[in-house]
There are 2 protein chains.
Amino acid sequence: MRAELFHPDRDEISLDRVLHALSDPIRRDVARVLHEEGSRVCGQLDYPIAKSTLSHHLKVLRESGVMHTEVRGTTRVITLRRDDIDTRFPGLLDAVQVTTPAPALTDA
Amino acid sequence: MRAELFHPDRDEISLDRVLHALSDPIRRDVARVLHEEGSRVCGQLDYPIAKSTLSHHLKVLRESGVMHTEVRGTTRVITLRRDDIDTRFPGLLDAVQVTTPAPALTDA
DNA sequence: TTCGTTGTTCGTGAAACATCGAATAAGTCG
DNA sequence: CGACTTATTCGATGTTTCACGAACAACGAA
């Protein structure tokens with residue numbers, strides 16, 4: 001946990017990776033929550049999966065460039081990289097229903 | 001090859017599956033070509049992969065609901081299910097750059 | 001320093017994917 | 001029928017992904 005967390009630069013954000021990251025309903029829901037609330041402490045996410053599994057999903061989201069993770073003491077604050085995604089792939093967040101207040105976590 | 005090919009109904013099209021289908025650059029390029037040209041005979045697609053691999057990709061695209069395959073004699077004509085995708089996920093095709101005349105096949 | 005909290009990493013399976021070449025099936029044309 | 005064309009399916013292989021529990025690391029507070 002010492003080394004800084006990897007985040008791709010804006011221009012390195014790959015559509016392949018982003019689409020893959022968003023092809024999972026939990027990851028999409030995390031993105032949706034971040035969109036709604038701006039940011040969030042990891043621990044305040046609640047899904048019916050193991051901690052390590054959630055950690056994995058958050059890593060996929062981070063490494064794909066969808067969100068940013070800031071280390072703050074023992075907690076991590078995650079944030080949607082809205083500007084970066086919007087710039088690289090305009091309309092994507094809307095299209096994948098991340099900006100929808102809706103039910104979420106459905107395999108729509 | 002006798003049984004009819006599976007195509008999901010419009011309401012059965014899953015965002016999970018569609019995003020996964022479109023997370024591959026070749027599959028996205030096929031979608032782009034179909035967008036540009038309306039439809040295409042499978043054999044007129046040219047990618048540096050084995051025929052069986054392409055066949056697999058086309059199956060993923062078909063089963064996810066992104067495209068339709070019509071059997072015509074020994075050939076198959078594939079078509080983008082534009083209306084269905086647009087209805088279910090407005091803006092998605094634009095956002096994933098399927099509607100971009102551009103370079104394509106880049107891991108943008 | 002010791003404890004509790006927060007998250008990540010590790011080790012490990014199970015499942016899904018991508019890829020290929022060879023075999024197969026269906027249709028068309030001689 | 002037989003050869004050819006088109007495309008899928010099969011079988012094999014290797015990779016990646018997802019999932020879990022256990023162990024570990026970092027920090028803050030007692």
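Convention: sequence-line order gives letters A, B, ...; per-chain numbering from 1.
Projected onto DNA chain D by closest heavy-atom contact, A:Lys51 and A:His20 fall at different nucleotides, the more 5' of which corresponds to A:His20.
No contact: B:Leu54 has no heavy atom under 4.0 Å from any strand.
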Legend entry - Worked check of side chain to side chain contact (heavy atoms under 4.5 Å, CB included) between B:Tyr47 and B:Thr53: CA-CA 10 Å; B:Tyr47 298 105; B:Thr53 304; over 6 Å; no
Inset, instruction - Any chance you could lay out the side chain to side chain contact (heavy atoms under 4.5 Å, CB included) test for B:Val77 and B:Ser39, step after step, and finish with the verdict? - result: CA-CA 7 Å; B:Val77 178; B:Ser39 66; 3.9 Å; yes
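Of the candidates A:Ile78, A:Thr79, A:Asp29, A:Leu34 forms a side-chain contact (heavy atoms from CB on, under 4.5 Å) with just one, namely A:Ile78.
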Please list, for nucleotides 10-16 of chain D, all pairs of protein and nucleotide N/O atoms separated by less than 3.5 Å.
none

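Residues from residues 58-74 of chain B with heavy atoms under 4.0 angstrom of DNA chain D, sorted by number: B:Thr74.
Taking atom NE2 on B:His57 and atom C1' on C:dA18, their separation rounds to 7 Å, with Å as the unit. Separating the CZ atom of B:Arg76 from the P atom of D:dT5 is a distance of 17 Å, rounded to the nearest angstrom. Straight-line distance from the CZ atom of A:Arg27 to the C1' atom of D:dC18: 9 Å, rounded to whole Å. For the pair A:Asp16 CG and D:dT17 P, the computed distance is 12 Å after rounding to whole Å. Atom CZ in B:Phe6 sits about 14 Å away from atom P in D:dT9, given to the nearest Å. What separates NE2 of A:His56 from P of C:dA16 is a distance of 15 Å, to the nearest Å. When rounded to the nearest whole Å, the span between CD1 of B:Ile26 and C1' of C:dC20 equals 14 Å. Look at CD on B:Gln44: it is 10 Å from P on D:dT6, rounded to the nearest Å.
Looking at B:Arg82 and B:His35, their side chains do bring a donor and an acceptor atom within 3.5 Å of each other.
When the side-chain nitrogen and oxygen atoms of A:Thr75 are compared with OP1 and OP2 of C:dT6, none of them lie within a distance under 4.0 Å.
Of the possible polar contacts, none joining the A:Arg28 side chain to the A:Arg32 backbone as a donor-acceptor pair under 3.5 Å is found.
With D:dT8, D:dC20, D:dC18 as the candidates, the nucleotide lying closest to the side chain of A:Thr53 is D:dC20. With distances taken from any side-chain atom of B:Ala50 to the nucleotides C:dG21, C:dT8, D:dT9, the minimum falls on C:dG21.
A heavy-atom distance below 4.5 Å is found between the side chains of A:Leu58 and A:Leu45. The side-chain heavy atoms of A:Ile13 and A:Pro8, taken from C-beta on, include a pair separated by under 4.5 Å.
Under the rule for a salt bridge (Lys or Arg N to Asp or Glu O under 4.0 Å), the partners of A:Glu70 that lie at least two apart in sequence or sit in another chain are A:Arg72.
Ion pairing between a basic and an acidic side chain is recognised when a charged N comes within 4.0 Å of a carboxylate O; B:Arg81 and B:Asp86 show no such pairing.
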